Amino acid sequence: MACGELRADHVGTEVVLAGWVANRRDHGVVRFVDLRDRYGLIQLVADEDAPAAGMEGLSGLHPEDVIQVHGVVRMRVEGQRNPERATGDVEVLVQRVEKLSSAVRLPFEIADHIDVPEEMRMQFRYLDLRRPALQQRMALRTRANQAIRQTLVDAGFWEIETPMLTRSTPEGARDYLVPSRVRPGSWYALPQSPQIFKQLCMVGGVDKYFQIARCMRDEDLRADRQPEFTQLDMEMSFVDEEDVYALVEQVMAAVYQEVLGTELALPLPRMPYAEAVARFASDKPDLRNPLEVVDLAGCAEALEFVVFNKVLADGGWVRGLRIPDGGRLSRKQINVIEAAAKDAGAGGAAWCKVTAEGPTGPLSRFLKVGAEETPVDCPVGIGNLSVAGADFLRCLQARPGDLVVTIADHPRRAMVALDAVRRKAGELMDLVQGPDQLLWITEFPLFEEGEEGEFHPAHHPFTCPVLEDVPALEGGQKAGIRSRAYDLVLNGTELGSGSVRIHQRALQETIFKAIGLAADVAEERFAFLLEAFRYGAPPHAGFAIGLDRLYALLFGAESIRDVIAFPKTATGSCPLTGAPSVVDESQLRELGIRQDSANPNEA
RNA sequence: GGGGAUGUGGCGCAAUUGGUUAGCGUACCAGACUGUCGAUCUGGUGGUUGCGGGUUCGAGUCCCGUCAUCCUCGCCA
């Protein structure tokens with residue numbers, strides 16, 4: 001029997017409990033100790049009904065000592081019960097106590113209400129893990145993983161483990177490298193994802209594969225990024241997008257049911273990438289935020305605003321957001337929105353408040369009526385507008401009381417800035433409410449356009465293009481070529497992505513050519529995969545979900561570090577073990593590696 | 001690699017324009033106490049103010065450097 005499981009049903013039973021001393025309350029002739037194990041807390045008591053051994057056993061204990069007690073469960077009398085605790089109706093009258101191990105003074109208290117620096121929580125993670133909040137997240141994580149496995153195994157999937165020591169592929173993130181002792185000068189790489197192996201599984205006739213896989217990328221970190229993280233990786237043969245959507249939706253529904261106890265409404269909504277960008281200036285829109293972007297290209301020119309006209313002439317975006325009732329935002333709050341746009345890389349944000357007397361704010365002078373004109377009669381009651389100004393606000397469907405924020409910039413920067421403005425305005429206006437919004441973003445572009453107008457592949461080179469775009473692709477076009485790649489988005493966060501893969505050699509060669517990967521280079525880097533595809537490759541498609549991020553969102557954790565048992569810091573170090581660390585010179589010698597003498601670790 | 005924030009007993013915080021022996025809460029230790037449950041009461045231990053320089057009669061406070069942590073941009077096919 002465990003501490004946290006005792007209830008009124010157990011009254012009268014003799015129990016042997018073991019756990020950690022969570023708290024002591026010593027009244028001299030009555031002593032209480034709260035004993036904690038993974039299942040919860042139980043109050044131990046020694047009073048005049050307890051034998052001397054019990055009374056003595058409960059004295060001289062220190063916080064976090066590990067003890068075993070023999071005792072009898074008894075009902076607490078009315079008025080002494082603690083409804084705050086699951087075990088609060090009962091207590092254990094102690095017969096004898098055995099101290100299994102004692103604890104020195106702890107660096108922090110084991111209680112959820114104590115605020116502890118994160119670095120210290122990581123350094124003493126084994127103590128942090130004793131705290132109920134973190135334990136609950138580990139329990140939830142176990143159940144969610146189990147729900148995933150159950151769903152996939154029931155659907156006929158095999159769980160296949162792929163190598164951790166594999167071959168470096170220069171694309172994508174930096175690899176973590178591992179030297180080979182047996183073959184000096186050669187290196188393994190830790191997998192950035194099991195991508196290639198899962199495709200090989202498909203060629204191998206494993207038509208339904210999944211794995212809860214660790215992935216490693218040697219890149220700088222963020223609150224939602226760790227050097228090693230966990231993905232749910234899936235792949236299927238003889239399927240198309242629809243099968244992947246259906247499967248992933250089933251998995252998500254199972255996780256929602258298990259973790260939150262809620263039904264996920266299926267099927268999930270879908271939105272092509274182009275629509276998401278046009279309406280929300282994002283490939284991962286938060287649909288809880290009702291604000292939408294308006295393209296002002298058609299009605300901005302007549303304003304004779306130099307910045308707008310210059311951007312339009314250069315092929316840039318002039319787009320804006322109407323924030324209903326945003327007129328109530330203070331100048332300070334609008335500055336915050338403007339700062340968000342600037343942080344995102346835009347030169348600025350031109351805005352105006354709309355009132356019955358006319359527009360106010362930086363943009364207003366381009367909208368107001370000139371001295372010798374007569375104001376336009378505006379049907380929604382905005383005063384003092386020029387013809388072009390009225391047209392501009394009509395595009396935005398602005399009404400008195402609104403705030404209008406516009407961004408003019410290169411498309412790439414404008415998009416990021418509009419997204420930032422939309423998020424910030426949604427936050428300030430308290431618009432982001434309601435149930436979770438999961439959706440599919442489909443038909444991602446095959447190529448991304450950089451700041452200088454150059455194109456580079458948006459995904460790995462095995463992503464299948466949309467078939468009707470292939471002729472244009474063969475003709476050398478890159479802009480607007482769609483791929484059969486898709487993302488799953490939750491409340492403005494990308495949870496995962498996947499694609500239909502290329503399984504035909506001719507198309508693969510077209511893609512290699514289009515992304516500027518010479519045939520011989522491609523052959524060298526992906527020789528084994530391309531070779532495999534020669535022996536009969538099934539059409540296949542897959543998906544991968546970042547579980548740390550998903551769980552952090554579902555469990556209400558602030559950081560993915562709070563859903564990982566042993567996380568690392570923002571510089572990839574582990575305060576608990578001291579990793580990464582210097583190693584013995586002899587270890588390096590054995591590996592045939594000579595360390596740069598400038599290495600600061602030597603000092 | 002860039003930018004920002006933080007760093008004072010174990011933990012959370014304070015310390016006037018640079019000015020006495022660096023305070024408070026909590027935890028911890030000891031004692032007291034008949035029912036507590038984040039017990040209470042009394043007493044006590046505990047500090048190289050992240051580290052290294054500098055300015056000054058005098059530095060927790062000002063300056064320079066450095067380290068660590070967090071956030072963020074770049075980066076993460």
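Sequence lines set the chain letters: A, B, ... in the order given, protein chains first and strands last, and positions in each chain run from 1. This structure is a prediction, so every number in the text was calculated from the model and none was measured.
On the P atoms, G9(B) is 24 Å away from C64(B), given to the nearest whole Å. One P atom belongs to C70(B), the other to U34(B), and the distance between them is 50 Å to the nearest Å. A distance of about 14 Å separates the P atoms of U42(B) and C24(B), rounded to the whole Å. When the P atom is used for both G53(B) and U72(B), the distance is 35 Å, rounded to whole Å. Taking the P atoms as reference points, U21(B) lies 40 Å from G3(B), given to the whole Å. Comparing the same atom, C1', in U56(B) and in C62(B) gives a spacing of 10 Å after rounding to whole Å. Nucleotides G23(B) and U66(B) are separated by 34 Å at their P atoms, to the nearest Å. Nucleotides U55(B) and G12(B) have their P atoms positioned 34 Å apart, rounded to a whole Å.
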Contact letters for nucleotides 67-72 of chain B, in which S counts primed atoms plus P, OP1 and OP2 and B counts the base, heavy atoms under 4.0 Å: -SSSSS
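Evaluation of the salt bridge (Lys or Arg N to Asp or Glu O under 4.0 Å) rule for Arg76(A) yields no partner, not counting sequence neighbours. Checked against side-chain hydrogen bond (donor to acceptor under 3.5 Å, both in side chains), Arg174(A) has the following partners two or more places apart in sequence or in another chain: Glu219(A). Partners of Arg422(A) by side-chain hydrogen bond (donor to acceptor under 3.5 Å, both in side chains), not counting sequence neighbours: none found. A search for side-chain contact (heavy atoms from CB on, under 4.5 Å) contacts involving Ala479(A) returns Phe455(A), not counting sequence neighbours. With sequence neighbours excluded, no residue satisfies side-chain hydrogen bond (donor to acceptor under 3.5 Å, both in side chains) with Asp115(A). For Arg85(A), the side-chain hydrogen bond (donor to acceptor under 3.5 Å, both in side chains) partners two or more places apart in sequence, or in a different chain, are Asp34(A). For the salt bridge (Lys or Arg N to Asp or Glu O under 4.0 Å) test, no residue two or more places apart in sequence or in another chain qualifies with Asp487(A). Lys284(A) is linked by a salt bridge (Lys or Arg N to Asp or Glu O under 4.0 Å) to nothing, counting only residues two or more places apart in sequence or in another chain.
In the set U26(B), C37(B), G35(B), U26(B) carries the atom at the smallest distance from any side-chain atom of Glu109(A). Distance from the side chain of Arg174(A) is smallest for C75(B) among the nucleotides G12(B), A27(B), C75(B). Listed nucleotides: G10(B), G35(B), A77(B). Nearest to the side chain of Arg217(A): A77(B).
Where Leu106(A) and Val77(A) each meet RNA chain B at their nearest nucleotide, the meeting point lying more 5' is that of Leu106(A).
The residue Arg76(A) sits close to a base: some heavy atom pair falls under 4.0 Å. Residue Val30(A) is in base contact, counting any heavy-atom pair closer than 4.0 Å across all strands shown. In this structure, Arg74(A) reaches the bases: a heavy-atom distance under 4.0 Å links it to at least one base atom across the strands shown. Counting non-hydrogen atoms under 4.0 angstrom, Ala111(A) reaches nothing in the nucleic acid. Base contact: Glu91(A) has a heavy atom under 4.0 Å from a base atom. Here Asn82(A) lies in heavy-atom contact (under 4.0 Å) with a base.
You won't find any donor-acceptor pair under 3.5 Å spanning the side chain of Arg85(A) and the base of G38(B), going by distance alone. Within 3.5 Å, no donor on the side chain of Gln80(A) pairs with an acceptor on the base of U36(B), nor the reverse. One donor-acceptor pair, N or O on each side, does fall under 3.5 Å between the base of C75(B) and the side chain of Arg225(A).
Between the side chains of His460(A) and Arg501(A), at least one donor N or O lies within less than 3.5 Å of an accepting N or O.
Atom pair Arg25(A):CZ and G38(B):P shows a separation of 7 Å (rounding to whole Å applied). For the pair Ile114(A) CD1 and G25(B) P, the computed distance is 16 Å after rounding to whole Å. Between Arg412(A) atom CZ and C73(B) atom C1' the separation is 14 Å, expressed in whole Å. Computed from coordinates, the Met120(A) CE to U26(B) P distance equals 20 Å when rounded to whole Å. Rounding to whole angstrom units, CZ of residue Arg131(A) and P of C11(B) are separated by 14 Å.
Searching all strands for a Watson-Crick or G-U wobble partner of G35(B) with both distances below 3.5 Å returns nothing.
Lacking a ring centre under 5.5 Å from that of the base six-membered ring together with a plane angle below 30°, Phe108(A) does not count as stacked on C11(B).
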Begin with the C-alpha distance, continue with both residues' side-chain angles, and end with the deciding distance and a verdict on side-chain contact (heavy atoms from CB on, under 4.5 Å) for Gln80(A) and Met75(A). CA-CA 10 Å; Gln80(A) 290 174 7; Met75(A) 205 68 189; over 6 Å; no
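Sorted by residue number, the members of residues 46-53 of chain A with any non-hydrogen atom under 4.0 Å from RNA chain B read Asp47(A).
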Can you name the atoms? Protein N/O to nucleotides 28-33 of chain B N/O, anything below 3.5 Å, with the distance.
{"from": "C29(B)", "atom 1": "OP1", "to": "His62(A)", "atom 2": "ND1", "distance (Å)": "2.2"}
{"from": "C29(B)", "atom 1": "OP2", "to": "Arg24(A)", "atom 2": "NH2", "distance (Å)": "3.4"}
{"from": "C33(B)", "atom 1": "N3", "to": "Asp26(A)", "atom 2": "O", "distance (Å)": "2.6"}
{"from": "C33(B)", "atom 1": "N4", "to": "Asp26(A)", "atom 2": "O", "distance (Å)": "2.8"}
{"from": "C33(B)", "atom 1": "N4", "to": "Asp26(A)", "atom 2": "OD1", "distance (Å)": "3.3"}
{"from": "C33(B)", "atom 1": "N4", "to": "Gly28(A)", "atom 2": "N", "distance (Å)": "3.2"}

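Looking at Gln211(A), its side chain does come within 3.5 Å of a backbone N or O of Thr162(A) through a donor-acceptor pair.
For the pairing with Glu91(A), the salt bridge (charged side-chain N to carboxylate O under 4.0 Å, His left out) check across Arg74(A), Arg25(A), Arg31(A) returns one residue only, Arg74(A).
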Atom pairs and distances, donor-acceptor, side-chain atoms in residues 441-448 of chain A, under 3.5 Å, two or more places apart:
{"from": "Glu443(A)", "atom 1": "OE1", "to": "Arg482(A)", "atom 2": "NH1", "distance (Å)": "3.4"}

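The aromatic rings of Tyr126(A) and Phe124(A) sit perpendicular, their planes meeting at an angle over 60°, well past the 30° parallel limit.
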